[in-house]
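Here is how names work: the chains are called A, B, and so on, in the same order as the sequence lines, proteins then strands, and each is numbered from 1. As a basis for the values below, the full set of heavy atoms in this structure was taken, side chains included, without hydrogen atoms, waters or symmetry mates.
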Amino acid sequence: MPIITLPDGNNLKFQNNVTGIEVAEKISKSLAKQALVIAVDGELKDLNFIINKDCTVKIFTSKNEEGLETIRHDTAHILAMAVQELFQETQVTIGPVIENGFYYDFARKEPFTEDDLKKIEEKMKEIVDRDVITKREVWSRDKAIKHFKKKGEVYKAQLIESIPDREEVSIYFHGEWHDLCRGPHLSSTGKIGKFFKLTKVAGAYWRGDSDNEMLQRIYGTSWASQKDLDDYLKRIEEAEKRDHRKLGKEMDLFHFREESPGSVFWHEKGWALFQKLIDYMRMKQDIAGYKEINTPEVLDRTLWEKSGHWEKFGANMYTSTTPDEKVFAIKPMNCPGCIEVFNQGLKSYKDLPLKMSEFGKVHRYEPSGALHGLLRVRAFTQDDAHIFCTEDQITKECLIVTNLILEIYKDLGFEDVILKYSDRPNLRVGDDNVWDKAETALLEAVKATKLEYSINKGEGAFYGPKIEFVLRDAIGRDWQCGTLQVDFNLPSRLSASYVDKDGSKKVPVMLHRALFGSLERFIGILIENYAGKFPFWISPLQIVVIPITEEFDDYAIQVSKKIKKAGMSSHVDLKKHNLNNKIKEHSLAKIPLLLICGKKEVDSNSVTIRKLDSNKQENMDLDLFLKTFSALNKASSN
RNA sequence: GCCCUUGUAGCUCAGCUGGUAGAGCAAUUGAUUUGUAAUCAAUAGGUCCGCGGUUCGAAUCCGUGCGGGGGCACCA
């Protein structure tokens with residue numbers, strides 16, 4: 001006689017055992033119709049799960065995250081079912097739900113083609129139409145392993161072998177077709193609906209390990225309604241329009257070429273943007289008490305051996321052998337060079353914390369498959385800095401860095417920031433007790449920020465634990481930018497020291513930090529965040545002056561000169577095209593302000609302003625224009 | 001690095017089953033002197049990514065290298 005407590009606190013009493021669907025029916029007919037899955041005492045179960053004791057029950061429909069995830073999970077299953085109906089020799093492996101959809105990994109010799117995806121999709125819809133009832137059975141491990149081995153499903157057999165003893169091995173049936181699965185599932189294939197789409201095929205390693213064989217992964221998306229599916233596809237399309245590689249080309253910011261994969265050829269406008277960010281950061285860091293330095297790009301191998309880079313980071317390093325057979329490395333990080341600067345002259349505890357910044361260009365030989373526009377390159381400029389301090393100063397300094405970073409992200413249009421904390425990796429230098437200290441100090445700082453954070457086990461740098469600053473852009477995507485690392489190892493390896501109060505020599509702690517992270521990556525993110533339409537102050541070319549006819553060229557040239565004198569960037573378009581043509585061209589180039597100059601303007605010493613994405617025109621006295629817009633030409637006017 | 005996919009004019013792309021390349025925009029020249037998203041016309045532009053092979057003949061088919069894209073693995 002189970003008593004069932006509902007989310008609203010009401011109780012339902014039943015004479016006998018009941019299933020989830022019967023509970024839903026008791027509440028309302030329409031709920032029973034819409035119900036997809038239930039939670040019994042917080043655990044998700046099938047609708048026909050038999051309830052035989054007192055418990056709390058929650059019923060989910062496609063309007064809940066739980067319901068939607070179950071739809072996606074079921075769509076993944078139907079995908080596997082469809083694939084095996086069409087391509088009998090294919091083995092199934094795993095098929096989880098991911099953000100916005102699902103994937104399923106298959107083992108098959110022949111690659112799946114785009115055409116195959118269409119066929120599979122059709123087959124999936126057919127299976128939905130068949131409305132096959134779902135059945136769940138619990139098998140013994142041995143039976144399940146034997147069964148799947150006999151079927152030739154070696155991956156499934158492996159999966160069952162790795163299920164912990166205490167867990168049930170449940171098998172879900174859709175008619176004849178069946179699969180090992182934890183569940184829950186919808187009660188029949190018809191419940192899924194047809195609001196799904198297979199999106200792409202890709203390779204993926206079995207169990208995510210690059211030593212294992214590669215499987216074929218089919219990605220798909222699945223929703224509660226046609227509208228949701230269409231909205232999602234639309235969102236993807238919109239995101240593609242923001243692609244920084246596309247916009248970079250269209251806006252003439254940069255390009256890449258074969259001779260140097262993963263290295264940027266910056267064009268005039270892209271470089272202007274780059275320099276603006278550096279100028280801005282330089283200003284912020286100066287205020288925050290950093291001293292800017294610069295260190296060599298190429299350093300002798302012995303330094304990298306001492307620092308540990310040669311051994312732990314060597315696979316990513318470019319090296320160079322000189323004609324006299326000496327081996328140098330092109331720096332993949334700025335830290336050893338910075339320590340060398342610290343080591344010049346005697347340092348006192350009174351000098352600490354000592355903050356040294358460097359816009360250092362580093363080279364890392366990244367795997368070819370990792371390269372991705374500006375977001376993943378082989379040569380990049382870090383807005384790097386190293387803070388030498390005492391152990392006592394760590395937490396406070398970390399907090400100061402965090403505040404600076406949040407301030408800067410805000411200026412650049414990012415308000416939503418989360419932290420990722422990573423502790424000691426397998427490949428590392430230094431004793432565990434040193435790591436204990438570093439991790440504790442950094443974690444303390446993370447907590448003190450009161451920001452949301454996640455913990456990434458084993459993903460720290462080889463010399464210390466780190467936090468990464470992840471920001472969310474205008475369309476909800478997360479990007480990893482800044483980083484802050486606590487390092488008890490490199491300073492001692494490279495013999496850094498300071499004289500303490502009592503006259504003894506001590507080894508300082510070093511904090512590594514980069515706020516943009518990589519200027520290249522950050523610019524890529526900025527482009528996508530703003531869809532190329534930068535705020536006025538950061539825009540690489542802020543103003544284009546357009547004379548209506550040749551007659552007004554001289555005036556336009558004078559206007560442009562005055563704009564430059566007022567500290568803004570400007571270009572005069574003297575081409576013999578008509579006004580409409582020029583407006584079209586510069587609007588596509590996303591120039592924030594177009595100034596039109598004709599007779600009216602010359603006569604009144606004014607300009608007519610046309611702002612990007614607005615066809616309103618505003619006439620303004622030239623001096624007033626210069627005053628107004630130079631005031632807007634700084635970060636705080638965002 | 002691995003799997004799949006892709007590489008044609010400055011850009012975006014067309015070129016069916018093999019018969020030595022085409023459009024739009026951009027560029028150049030000429031005409032037009034224009035008031036808010038493409039004025040008209042003419043001209044010029046290409047070792048069809050590189051190398052090898054099959055073939056009487058390769059942009060097209062095959063192999064291989066390099067680059068790009070989507071993922072995986074790796075990562076700022």
| request: Look at the side chain of A/Asn581 and decide which nucleotide, out of B/A38, B/C72, B/A73, has an atom nearest to it. | output: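 Output: B/A38.
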| request: Between B/G35, B/A37, B/G1, spot the one nearest the side chain of A/Ser587, thanks. | output: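 Nearest nucleotide to the side chain: B/A37.
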With a 3.5 Å cut-off and just heavy-atom distances, do the side chain of [X] and the base of [N] make a donor-acceptor pair?
X: A/Tyr205; N: B/G1; result: yes
X: A/Glu601; N: B/G35; result: yes
X: A/Arg376; N: B/C75; result: yes
X: A/Glu366; N: B/A76; result: yes
X: A/Arg207; N: B/A73; result: no

| query | Does anything in residues 98-106 of chain A reach RNA chain B, meaning a heavy atom under 4.0 Å, and if so which residues? | reply |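 Heavy-atom contacts with RNA chain B come from no residue of residues 98-106 of chain A; none.
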| task | Scan A/Ala370 against the nucleic acid and name what it touches under 4.0 Å (heavy atoms): base, sugar-phosphate only, or nothing. | result |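 Answer is base: heavy atoms of A/Ala370 come under 4.0 Å of a base.
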| message | Centroid distance below 5.5 Å plus an interplanar angle below 30 degrees: do A/Phe380 and B/A76 meet both conditions? | response |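 By the stated criterion, A/Phe380 and B/A76 stack.
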| query | In the structure shown, which nucleotide is the Watson-Crick or G-U wobble counterpart of B/A59, with both distances under 3.5 Å? | reply |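 The base-pairing partner of B/A59, which may sit in any strand shown, does not exist here.
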| Can you tell me the Watson-Crick or wobble partner of B/U32, both distances under 3.5 angstrom? |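 Its partner is none (no Watson-Crick or G-U wobble pair with both distances under 3.5 Å).
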| message | Cation-pi check for A/Phe112 against A/Arg108: NZ or CZ below 6.0 Å from the six-membered ring centre and within 45 degrees of the axis, yes or no? | response |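 Pair A/Arg108/A/Phe112 counts as cation-pi.
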| field | Any donor-acceptor N or O pair under 3.5 Å, side chains A/Asp384, A/His512 | value |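 No, no side-chain donor-acceptor contact under 3.5 Å.
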| field | Chi-based syn or anti call at B/G18, which uses purine or pyrimidine torsion atoms and a 90° bound | value |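 Nucleotide B/G18 adopts anti.
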